[in-house]
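Encoded as structure tokens, the structure appears first; notes follow it.
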Amino acid sequence: METEKRIESDSIGSMGVPAAAYYGVQSLRAMHNFHITGMPLNPAFITSLACIKKAAAYANHESGVLSEEKTNAIVKACDEVAEGSFRGEFIVDAIQGGAGTSANMNINEVIANRADELLGGKRGMYTFINPNDDVNKSQSTNDVVPTAGKLTALTLLGPLESELLRLEKSLAAKSAEFAGVIKMGRTQLQDAVPMTLGQSFGAYKSMISRCRKQIHDVKNELYQVNLGGTAIGSALNAPETYEQRVVPILAHITGCPLEQAGDLFDATQNIDSFASVSSVLKVCALDLSKMCNDLRLLSSGPRAGFNEIHLPAMQNGSSIMPGKVNPVIPEVVSQVAFSVIGNDTAISMAAEAGQMELNAFEPVVFYKLFESITTLTGAVKTLIDNCINGITVNKEQCRTFVERSVGTATALCPYIGYRKSAEIAKRALAENVSVRELVVKEHLLKESEIDYILNPSVMVQDSAARESICCKTA
């Protein structure tokens with residue numbers, strides 16, 4: 001059965017729009033033009049657009065250019081969209097040409113049709129409310145869309161920050177749990193000097209704490225918006241009162257500490273703030289993947305690998321090898337990291353490609369940025385719940401590696417010199433004996449000194465603690 005249609009026109013021509021649709025001709029035209037990702041606009045982005053249109057309606061009313069009746073209808077429609085209504089009416093692809101004009105017109109048309117309906121009109125007639133003249137009054141795609149992008153990024157970053165804080169606490173708990181477990185530290189995958197497993201997890205905790213702080217700090221760049229600048233930053237077609245009031249009103253609606261950018265031309269031309277956010281996300285992804293690489297190595301085996309820690313068994317690891325269990329959670333985190341790194345490259349190129357007074361490539365920036373934030377959030381969540389919290393230690397294996405390692409010879413350097421220490425290490429490997437045995441055999445130090453110097457429990461202490469132990473044993 002053919003859908004009943006209404007005829008709508010724009011400057012390009014006329015099209016048949018489904019009669020029941022809240023979107024209009026410009027949205028439909030965009031849907032036909034941009035079959036790109038198959039993904040709709042991010043729901044948080046739609047909510048952000050609705051908040052902007054609401055703030056604009058209030059600011060226009062304060063400026064005396066929008067009646068109270070129209071304002072109330074537009075605000076009511078905006079609230080409905082922000083609460084999740086009409087999501088199926090947002091039909092444009094996440095990646096689109098035109099610097100986001102299609103997304104802006106999609107929200108304009110949906111709100112206009114709904115507001116018109118609230119005032120007694122019919123969809124597609126725009127009897128009382130017009131998408132461009134009323135809903136988009138005093139605005140341009142060029143200040144609405146980047147502001148919506150910043151609001152959306154702020155919305156999505158909140159859950160990521162919360163998950164990173166949870167991860168930080170989880171790693172701190174593991175650091176405390178493993179504080180007494182001595183293991184061999186490794187540099188370049190070779191034996192180095194002893195440390196505790198708690199120190200390893202403490203380092204991961206510090207790394208994640210740093211990531212979280214960087215994300216918190218970079219949000220300051222997102223609080224500066226160009227709303228009120230209209231097409232290029234000159235605020236053409238916007239009343240002075242509107243220009244001054246729209247951002248404070250939006251800040252009140254959203255609860256975000258938004259400020260109008262000091263230079264609206266700069267804020268409209270340049271989208272380096274999004275590149276800054278993406279760069280911080282990339283660093284976070286790199287750190288997470290590095291940690292997960294370590295976890296996979298430390299849990300490798302169980303018989304032919306390090307086998308120093310055990311990761312929770314989450315699912316069968318092979319369709320052909322019975323009993324094999326793979327580190328699937330660290331693996332998926334690294335895959336998300338690879339994606340975030342690739343997204344950062346795309347965002348960097350898009351930020352660089354802007355020309356003159358506008359960057360036309362914001363749609364792909366938002367698509368990639370929102371994906372990076374969302375997938376990182378999911379990756380951190382599963383890492384905490386399905387991996388970190390359930391890690392256990394193989395104390396026997398850790399102790400064995402320390403006892404067999406010649407890395408402890410490093411501690412001898414201040415007492416017998418580097419050359420002699422290296423000779424002892426080589427002989428210990430060649431003769432398959434311990435470093436301690438050779439030092440005792442050659443009478444290089446007193447046995448009480450050897451016991452102190454080659455004691456792994458002493459080596460893992462900081463310098464002040466070692467000095468204290470030394471004084472007590474002297």
Side-chain angles (χ1 to χ4, degrees), residues 42 44-66 68 70-72 74-79 81-82 99-101 103-105 107-108 111 132-158 216-274 276-277 357-359 362 365-366 369:
N42 188 292
F45 186 67
I46 295 172
T47 297
S48 297
L49 287 170
C51 290
I52 291 168
K53 298 300 174 180
K54 179 178 179 177
Y58 279 134
N60 278 316
H61 180 59
E62 288 187 18
S63 302
V65 296
L66 193 67
E68 183 174 357
K70 286 185 176 184
T71 299
N72 290 339
I74 290 172
V75 167
K76 171 65 174 170
C78 289
D79 286 340
V81 170
T101 296
N104 188 36
M105 285 311 303
I107 187 89
N108 285 336
I111 289 174
N132 295 86
D133 295 336
D134 296 314
V135 182
N136 199 61
K137 184 181 287 292
S138 307
Q139 305 151 63
S140 164
T141 290
N142 304 349
D143 64 343
V144 167
V145 167
T147 299
K150 290 184 175 183
L151 277 176
T152 305
L154 288 167
T155 298
L156 298 177
L157 283 171
H216 177 270
D217 291 347
V218 83
K219 290 196 303 183
N220 288 325
E221 297 197 33
L222 298 177
Y223 296 139
Q224 305 294 313
V225 299
N226 71 328
L227 192 63
T230 68
I232 65 170
S234 62
L236 182 66
N237 291 354
E240 182 180 0
T241 300
Y242 172 92
E243 183 187 356
Q244 294 172 350
R245 289 288 298 142
V246 68
V247 174
I249 293 171
L250 181 61
H252 176 73
I253 290 171
T254 61
C256 291
L258 304 175
E259 296 180 355
Q260 192 174 63
D263 186 335
L264 290 173
F265 290 97
D266 165 49
T268 305
Q269 291 176 22
N270 303 306
I271 59 171
D272 47 294
S273 57
F274 295 111
S276 295
V277 175
E357 277 63 62
L358 182 69
N359 189 304
E362 289 169 348
V365 169
F366 299 157
L369 184 65

Quick check against the 3.5 Å criterion: does [X] have a side-chain atom that pairs as donor or acceptor with the backbone of [Y]?
X      : Y      : result
His61  : Thr71  : no
Lys150 : Gln224 : yes
Asp263 : Phe265 : yes

Can you name the nearest heavy-atom pair linking [X] to [Y], along with the distance?
X      : Y      : value
Ala99  : Leu358 : CB-CD2, 3.9 Å
Thr155 : Ala44  : CG2-CB, 4.4 Å
Asn142 : Ala231 : ND2-O, 2.8 Å
Glu243 : Gly228 : CG-O, 3.8 Å
Pro239 : Val65  : CG-CG1, 4.0 Å
Leu369 : Ala153 : CD2-CB, 4.2 Å

> Between Thr268 and Asn226, does a side chain to side chain donor-acceptor pair (under 3.5 Å) hold up when you go through it step by step?
Replying inline: CA-CA 6 Å; Thr268 305; Asn226 71 328; 3.0 Å; yes

How about [X] and [Y]: do any of their side-chain heavy atoms sit closer than 4.5 Å?
X      : Y      : value
Cys78  : Cys51  : no
Ile52  : Ile253 : no
Lys76  : Asn72  : no
Glu362 : Ile271 : yes
Leu151 : Cys256 : yes
Leu66  : Asp134 : yes

> Is there any side chain to side chain donor-acceptor pair (under 3.5 Å) pair reaching into residues 44-53, and which pairs are they, with sequence neighbours excluded?
Replying inline: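 Those involving residues 44-53 are Thr47-Arg87, Ser48-Thr152, Lys53-Asn104, Lys53-Asn108, Lys53-Asn136, Lys53-Gln139.
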
>> Between Gln269 and Asn359, is the side chain to side chain contact (heavy atoms under 4.5 Å, CB included) condition met? List the steps.
In response: CA-CA 6 Å; Gln269 291 176 22; Asn359 189 304; over 6 Å; no

> With sequence neighbours left out, what residues match Lys137 under salt bridge (Lys or Arg N to Asp or Glu O under 4.0 Å)?
Replying inline: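 For Lys137, no residue satisfies salt bridge (Lys or Arg N to Asp or Glu O under 4.0 Å) once neighbours in sequence are set aside.
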
> Can you name the salt bridge (Lys or Arg N to Asp or Glu O under 4.0 Å) partners of Asp217, sequence neighbours left out?
Replying inline: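 By the salt bridge (Lys or Arg N to Asp or Glu O under 4.0 Å) rule, Asp217 matches Lys213.
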
> side chain to side chain contact (heavy atoms under 4.5 Å, CB included) between Leu154 and Lys219: does it pass, once the steps are laid out?
Replying inline: CA-CA 7 Å; Leu154 288 167; Lys219 290 196 303 183; 3.8 Å; yes

>> The criterion is side-chain contact (heavy atoms from CB on, under 4.5 Å); which residues satisfy it with Asp79, sequence neighbours excluded?
In response: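 Per chain and number, Asp79 pairs via side-chain contact (heavy atoms from CB on, under 4.5 Å) with Lys54, Val75, Glu83.
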
>> Checking Thr230 now: which residues fulfil side-chain contact (heavy atoms from CB on, under 4.5 Å) with it, not counting sequence neighbours?
In response: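 Thr230 satisfies side-chain contact (heavy atoms from CB on, under 4.5 Å) with Ser140, Asp143, Leu236, Ala238 once adjacent residues are dropped.
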
> Excluding sequence neighbours, so at least two apart, what forms ring pair (Phe, Tyr, Trp, His ring centres under 6.0 Å) with Phe366?
Replying inline: Phe45, Phe274, Phe370

Find the distance between [atom1] ([X]) and [atom2] ([Y]) and round it off to the nearest 0.5 Å.
X      : Y      : atom1 : atom2 : answer
Ile74  : Asn60  : CD1   : CG    : 8.0 Å
Thr254 : His252 : OG1   : NE2   : 9.5 Å
Asn270 : Glu357 : CG    : CD    : 10.0 Å

> So which of Leu49, Val246, Leu222, Leu250 actually passes side chain to side chain contact (heavy atoms under 4.5 Å, CB included) with Thr147?
Replying inline: Leu250

